[in-house]
Q: 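Here's a structure for you.
In what follows, chains are A, B, ... by sequence order, proteins preceding strands, each numbered from 1.
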There are 2 protein chains.
Amino acid sequence: MKSQMASRRRSRDPLTRERVLDTAVALADQSGIESLSMRKLAMELGFGAMALYKHVANKEDMLDAMVDVIFNEMALPPTEVPWREAMRRRALSAREVLSRHPWAIGLTDSRMKPGPANLHHHDAVLGCLRRAGFSVALAIHAYSTLDSYIYGFALQEQSLPFDNPDEVGDVAETMLEGFPVDTYPYLAETIVAHLNRADWEFGDEFERGLDLILDGLERLLKD
Amino acid sequence: MKSQMASRRRSRDPLTRERVLDTAVALADQSGIESLSMRKLAMELGFGAMALYKHVANKEDMLDAMVDVIFNEMALPPTEVPWREAMRRRALSAREVLSRHPWAIGLTDSRMKPGPANLHHHDAVLGCLRRAGFSVALAIHAYSTLDSYIYGFALQEQSLPFDNPDEVGDVAETMLEGFPVDTYPYLAETIVAHLNRADWEFGDEFERGLDLILDGLERLLKD
DNA sequence: TTGACAAGCGTACGCTGTACACCGTAGCGT
DNA sequence: ACGCTACGGTGTACAGCGTACGCTTGTCAA
């Protein structure tokens with residue numbers, strides 16, 4: 001009789017921190033971080049709002065933990081390949097994860113408290129570089145440059161005014177109508193150029209820039 | 001008699017959109033964007049909360065406009081110097097502005113509506129590159145790579161756990177106490193290395209990475 | 001059996017953004 | 001000179017937010 005009751009509500013298994021965080025991430029993915037409220041999250045889980053606070057100190061703490069959850073999704077640099085390929089794979093994975101969870105990027109705002117997954121990731125990346133012969137200073141430099149690029153690209157990608165490649169043409173057209181071509185001649189030129197290349201994907205730029213940076217780092221390492 | 005009254009309150013001159021935006025930026029700079037509320041902003045200006053809405057459609061609109069205000073602060077690439085130097089100066093200016101207004105970085109979240117200053121800036125940068133001989137595709141590539149780096153660096157800088165170079169030593173020490181050295185050996189190594197270099201500034205990394213990217217772009221341009 | 005403890009609930013408080021009705025004044029057409 | 005309109009600023013009100021606090025209930029140890 002008790003077990004019959006248990007299956008009435010889809011979420012009547014007990015609440016856990018993990019379940020809270022995973023659901024919060026899912027909700028943020030589908031509706032945006034700004035619309036994620038404790039009440040809605042609790043309702044989604046089938047509990048009262050205050051139940052969450054038994055598993056999470058407060059919303060700040062929850063957001064920090066959510067960031068660590070998505071850090072956990074990013075692939076560590078594989079150890080069995082040369083540093084350049086390892087860094088490349090990690091970067092691609094990081095970008096992919098960040099574009100699945102775009103809200104995580106802006107969340108670093110004043111969020112200067114790294115979680116364990118974050119620390120572990122940092123350690124793995126630094127280790128990969130050090131073992132490949134990078135000095136401590138050069139490893140920091142490489143890391144800083146690569147991560148700046150990765151996060152920055154994700155940030156830009158997220159704020160593009162289109163969501164998928166098909167829309168590029170439409171957006172370009174409406175933009176051209178909107179503003180005077182002679183005020184922004186180069187911008188206009190660029191947009192027109194993309195009207196004719198329906199196959200263009202902003203995402204492809206990522207690997208080109210990444211390789212440019214990796215080339216530079218390789219050169220620095222050789223000296 | 002009227003003019004005597006006029007000087008009673010420091011803000012009794014009429015409200016303008018510009019005054020609203022400037023004060024909002026100042027308030028965000030000093031107390032963080034998350035504590036910027038319409039009521040507090042209005043009070044700072046010496047008006048009722050709803051008075052703001054005569055000059056700003058809503059908070060979203062205001063935030064968009066604030067971003068454009070800080071875009072206006074960033075130096076355009078100068079036209080009288082070669083492209084590489086022009087890009088370099090623009091990048092340094094952009095970073096400086098973003099580090100004075102850190103809240104602006106995270107604000108691009110879903111803020112895919114560029115203001116006029118933003119568009120003008122884009123146009124100037126693209127123009128600088130095109131005039132220097134970059135093809136449209138290469139100009140986009142260069143722009144995307146540089147801006148990703150600039151924004152990403154600002155993002156990272158903002159989320160560092162220290163606010164000025166003097167604190168680096170202290171933070172490093174407390175971090176080392178906090179976590180097991182053998183769990184994060186490379187991280188620990190890196191921290192220790194910085195304990196001994198009190199003169200290190202994360203900001204210096206910016207120019208090194210920037211030059212690395214500019215080197216790469218120069219090579220691409222030559223082909 | 002008792003007693004402690006943990007999980008979840010309900011209510012309430014102070015804060016937020018902003019819709020709406022209202023008012024005084026400046027400027028304009030007549 | 002008169003009246004009208006439009007505009008800038010105000011006050012109130014409402015729904016939604018994060019969360020402090022006290023309560024109930026179920027579980028397990030002693």
Side-chain angles (χ1 to χ4, degrees), chain A residues 1-25 27-28 31-67 103 106-107 109-111 113, chain B residues 1-3 5-24 27-28 31-67 103 106-107 109-111 113:
Chain A
M1 198 216 266
K2 232 202 246 168
S3 58
Q4 291 175 11
M5 293 311 244
S7 64
R8 276 201 335 158
R9 241 189 182 292
R10 87 164 175 299
S11 313
R12 225 48 273 223
D13 341 69
L15 215 40
T16 63
R17 182 168 229 261
E18 202 188 353
R19 235 150 66 76
V20 169
L21 293 179
D22 289 349
T23 311
V25 166
L27 233 47
S31 321
I33 195 75
E34 66 284 347
S35 90
L36 174 68
S37 82
M38 299 303 269
R39 285 185 237 260
K40 279 193 242 172
L41 171 56
M43 175 159 308
E44 175 76 19
L45 285 157
F47 291 84
M50 295 313 290
L52 300 177
Y53 288 86
K54 298 288 173 177
H55 306 275
V56 158
N58 48 43
K59 195 178 186 180
E60 273 301 278
D61 172 48
M62 188 179 81
L63 293 175
D64 284 341
M66 286 167 68
V67 170
W103 46 267
L107 225 54
D109 248 35
S110 88
R111 198 152 269 80
K113 165 247 98 289
Chain B
M1 196 216 266
K2 231 202 241 169
S3 58
M5 293 312 243
S7 64
R8 279 199 333 157
R9 240 189 183 293
R10 87 165 175 301
S11 313
R12 223 50 275 220
D13 340 69
L15 215 41
T16 62
R17 182 166 229 260
E18 202 187 354
R19 237 152 66 76
V20 169
L21 293 180
D22 289 348
T23 311
L27 233 48
S31 319
I33 194 77
E34 66 285 345
S35 89
L36 174 68
S37 81
M38 300 303 268
R39 283 187 238 261
K40 279 192 240 171
L41 171 55
M43 174 160 309
E44 176 76 19
L45 285 158
F47 290 83
M50 294 314 290
L52 301 176
Y53 288 87
K54 300 288 173 175
H55 305 274
V56 156
N58 49 43
K59 194 176 187 180
E60 273 300 280
D61 173 48
M62 188 179 81
L63 294 175
D64 285 340
M66 287 168 66
V67 170
W103 46 267
L107 225 55
D109 247 35
S110 87
R111 197 152 270 80
K113 165 245 98 294

Q: Could you state the NZ-P distance from A/K54 to D/dT24, rounded to the nearest angstrom?
A: 14 Å
Q: Could you check how far CG of A/L52 sits from P of C/dG8, rounded to whole Å?
A: 10 Å
Q: Would you give the length of the straight line joining atom CD1 of A/I33 to atom CG of A/L27, rounded to the nearest 0.5 angstrom?
A: 9.5 Å
Q: Using whole Å, what does the distance between atom C1' of nucleotide D/dC7 and atom CZ of B/R17 come to?
A: 17 Å
Q: D/dG9, OP1 or OP2 - any side-chain N/O from B/H55 closer than 4.0 Å?
A: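 For D/dG9, OP1/OP2 do have a side-chain N/O of B/H55 under 4.0 Å.
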Q: Out of D/dG8, C/dC9, D/dT10, which has the shortest distance to the side chain of B/M50?
A: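 The closest nucleotide is D/dT10.
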Q: Stepwise, does the side-chain contact (heavy atoms from CB on, under 4.5 Å) test hold for B/M62 with B/L41?
A: CA-CA 11 Å; B/M62 188 179 81; B/L41 171 55; 3.6 Å; yes
Q: Evaluate the criterion side-chain contact (heavy atoms from CB on, under 4.5 Å) for residue pair A/K54 and A/L15; output intermediate values, then yes/no.
A: CA-CA 9 Å; A/K54 298 288 173 177; A/L15 215 40; over 6 Å; no
Q: How does protein reach along nucleotides 12-17 of chain C, written 5' to 3' as B (base within reach of a heavy atom under 4.0 Å), S (only sugar-phosphate), or - (no contact)?
A: B---BB
Q: Do side-chain atoms of B/K59 reach the backbone of B/M38 as a donor and acceptor pair under 3.5 angstrom?
A: no
Q: Roughly how many Å is it from CG in A/L45 to P in C/dC9, rounded to a whole number?
A: 11 Å
Q: In this structure, how many angstroms lie between the P atom of C/dG10 and the CZ atom of A/F47, rounded?
A: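 Interatomic distance, CZ of A/F47 to P of C/dG10: 12 Å.
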Q: Please tell me if the side chains of A/M66 and A/L63 come closer than 4.5 Å, counting only heavy atoms from C-beta onward.
A: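 Contact flag for A/M66/A/L63 side chains = yes.
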Q: Evaluate A/V25 against A/W103 for side-chain contact (heavy atoms from CB on, under 4.5 Å), listing each step before the verdict.
A: CA-CA 9 Å; A/V25 166; A/W103 46 267; 3.8 Å; yes
